[in-house]
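Whatever order the structure lists ligands and atoms in, that order sets their numbers, starting from 1.
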Amino acid sequence: VTVQRHIVIASVEPSIDCGRHPVKRIAGESLPVEACVFRDGSDVIRVVLKFRRAGERRATEAPMTASNPGLDLWRAEVPLPAPGRTLFTVEAWTDRFATWLDEFRRKVEGGLTDLGSEMAEGAALLDALAERGRGPDRKVVAGAAGSLRGAGDAAAALEAVGAPEVVEAAGRLQPRADAVVHRPELEVIADRPLARFGAWYEMFVRSQGTQPGRGGTFADAERRLPDIAAMGFDVVYLAPIHPIGRTGRKGPNNSLHAGPGDPGSPWAIGSDDGGYTAVEPALGTLDDFDRFVAAAARLGLEVALDLAIQCSPDHPWIRQHPEWFFRRPDGTLKYAENPPKKYEDIHPLNFDTEDRAALWAEMRDVLLFWIGHGVRIFRVDNPHTKPLEFWGWLLGEIRDRHPDVLFLSEAFTRPPMMKALAKVGFSQSYTYFTWRNTKAELTEYLTELADPGPADYFRPNFFANTPDILHEFLQKGGRPAFAIRLVLAGTLSPAYGIYSGFELCENGPLAEGTEDYKDSEKYQVRVRDWNAPGHIKGLVTRLNAVRRENPALQELANLRFLEVDNPQILSYLKRTPDGSNVVIGVVNLDPFHVQEGLVSVPLNEVEVEGDVEGEIDVEGRVGVVRGGRFGAHDLLTGSRYEWSERNYVRLDPAVGPAHVLRVEELEA
Ligand code: Z3D
């Protein structure tokens, strides 16, 4: 509660952790702000929303209007025309002239006469305002004071001073004698639309070649881009492209010894060929990379790079900055870990080193270097093993210079840290989605993520697989399981991704009970037939098109689950705020058996808003529901169904495990 003398600003929303962290929105939208503001007595108060772009000193003011007078709620919007940070707060003060006018009007309208002393008081107030003012406002106010004095009776006086232009001019001249400003100032980050909605495709450049045994290059990867664009992806995310260390290099299947021909893990950053600002010579040159980025851009694809802050024993920094690393008592360097995983081929950086200013600045410059090469998205490796303070600083440094840059947090750890990373500035976050496979798990997790509170700062990116995570569900369930997980990822979350090979339904595990791929391309070059029989590229392409064409699928917090009388069938509905686009997902979560059931759809959820007044009854309402029925158009198959409140579904995983239905008017 911010209170001073009379006025109370009890709350300003949205704010995260009492204003310690920014809320996130998309540029082009505006941020509705609601404040609870009141004062003792019945004096009239003015409430304004003040906002300024970060770095600017002068705030713009927008009057807040009473949105719920009974609860003293006031509302206004912060416009967010472009990406960047905006600071906002609320200021309120007593408007003495408006208070006088309000009382005077009630007396006049109540039929009281003998209001000479009230009129004198009003004139004095206006005089004082006129004295402070200049220009047109002063003229208006001074004129009003004159006519108040000259008015024959109270009704004429009210007519003279009650005009809106007088009230407005007086309002502007009003000294904010008892103004209260909410502290702290709150913040909103506006990101570009890709921060919320986009389809990601992850790949290793070295596996884009065509000749067995020969590693792929940027040129090979460039030749793959049309296929990826044709599937409808927005982002191509590359596993690290920097020189790979020799010392301690890992061999196939995570073995601790590499043979002479083994390429090593790309996350083992740095060799004699350079570190973070170099590219692995086997992939090509920096010029080749630039050409790759340009080719991607021509196809409407953005390139995301991996930022893995860790060094192979051969990274130049090990010699140049020995103090940046952790040394054991025997003088050897520690290797990195993310228990239970061990990364014997890399050394972690010490972010608390006395020389940390230099280390932090170096990391910033690395990002600026790649931004200079056209990169606007970074996927950050294991950020939870580095200090939050560092991320807050680094992301702020970049965002202030390049508000269009996006960061995806690859933190798989306990929820508070994952959320904290989002709060300090990551635009998107990996999630537990891969491990949520049952109806109960999905319902619970999505209910948590889609809650408007967390959704204000935590934007999930649902990867259906990653090079580190081949879930048992995919291992055992085969092609139907891939289709199930794809549709879930792409319709539940506005941002989602697959790691290449998913479209081919690759699912060979390293060993029973592990989530590692057999012969993972993390440690060896792979060459694939990207059109191998059994692929689901058609479904991927269709799904990405459906996502683009249906704005309801481009949001998260609009998710609600529908009742189905079968625990193997998950159904949910998403609608745009105006109801013009409503999509219903129905997914058979069982990759092995046909499942059938009844899906319940509350009709008010599918109804398009009409201007019908009063009690809304389903019959005869404006919109898509007619006689309790509406059209359900399966966007995956093209089939059209007639749906109502209860609907029979039957899904054969071998044929098609899901419906993605758009609510439409029934054809006449
Ligand atoms: C993951 C990275 C790979 C291999 C390890 C290897 C390490 C370093 C990990 C560390 C973080 C992140 C990446 N989750 O693939 O691990 O799996 O065996 O030791 O080379 O790289 O960067 O996705």
Problem - Any side-chain heavy-atom pair of Val188 and Pro22 under 4.5 Å - result: no

Heavy atoms only: which of [options] lies closest to [atom]?
| atom | options | answer |
| --- | --- | --- |
| atom 22 (O) of ligand 1 | Gln310, Glu202, Lys341 | Gln310 |
| atom 9 (C) of ligand 1 | Tyr343, Phe412, Trp267 | Tyr343 |
| atom 7 (C) of ligand 1 | Ser312, Ala411, Ser265 | Ser265 |

Practice task
Would you indicate whether Lys342, at its atom NZ, is surrounded by more than 12 heavy atoms from other residues, nucleotides or ligands within a distance under 6.0 Å?
Solution key: no

Distance from [atom] to nearest protein heavy atom, with residue and atom:
| atom | value |
| --- | --- |
| atom 8 (C) of ligand 1 | Asp345 OD1, 3.3 Å |
| atom 23 (O) of ligand 1 | Asp468 OD2, 2.5 Å |
| atom 17 (O) of ligand 1 | Lys522 NZ, 2.8 Å |
| atom 14 (N) of ligand 1 | Glu410 OE2, 2.7 Å |
| atom 4 (C) of ligand 1 | Tyr523 OH, 3.4 Å |

Fill in the blank from the handout: ring pair (Phe, Tyr, Trp, His ring centres under 6.0 Å) with Phe204: of Tyr237, Trp267, Tyr523, only one passes, and it is Trp267

Practice task
Could you tell me whether a side-chain N or O of Arg214 sits under 3.5 Å from a main-chain N or O of Val525, the two making a donor and an acceptor?
Solution key: no

Exercise for the section: Measure from the side-chain N and O atoms of Glu472 to the backbone N and O of Thr514, and report whether any donor-acceptor pair falls under 3.5 Å. Expected result: no

Fill in the blank from the handout: So OG1 of Thr285 and CG of Asp290: to nearest 0.5 Å the spacing works out to 8.0 Å

Exercise for the section: Taking only heavy atoms of Ala268 into account, list the atoms of ligand 1 that are under 4.0 Å away from them. Expected result: 20 (O)

Completion exercise
One finds that the ligand 1 atoms under 4.0 Å from a non-hydrogen atom of Lys250 are 5 (C), 6 (C), 18 (O), 19 (O)

Side chain or backbone of [X] under 4.0 Å from ligand 1, or both, or neither, by non-hydrogen atoms?
| X | answer |
| --- | --- |
| Ala308 | neither |
| Arg379 | side chain |
| Asn254 | side chain |

Counting both backbone and side chain atoms, is some N or O of [X] under 3.5 Å from an N or O of ligand 1?
| X | answer |
| --- | --- |
| Ile346 | no |
| Glu344 | no |
| Asp381 | yes |

Exercise for the section: For the pair Gln428 and Leu406, evaluate side-chain contact (heavy atoms from CB on, under 4.5 Å) and give the outcome as yes or no after the intermediate values. Expected result: CA-CA 8 Å; Gln428 289 191 347; Leu406 306 178; 5.8 Å; no

Handout entry: Cation-aromatic face contact Lys423/Tyr457, 6.0 Å, 45 degrees
Key = yes

Problem - Single hit among Arg479, Arg526, Lys518 for salt bridge (charged side-chain N to carboxylate O under 4.0 Å, His left out) with Glu506 - result: Arg526

Problem - Distance flag, aromatic centroids of Trp370 and Phe289, threshold under 6.0 Å - result: yes

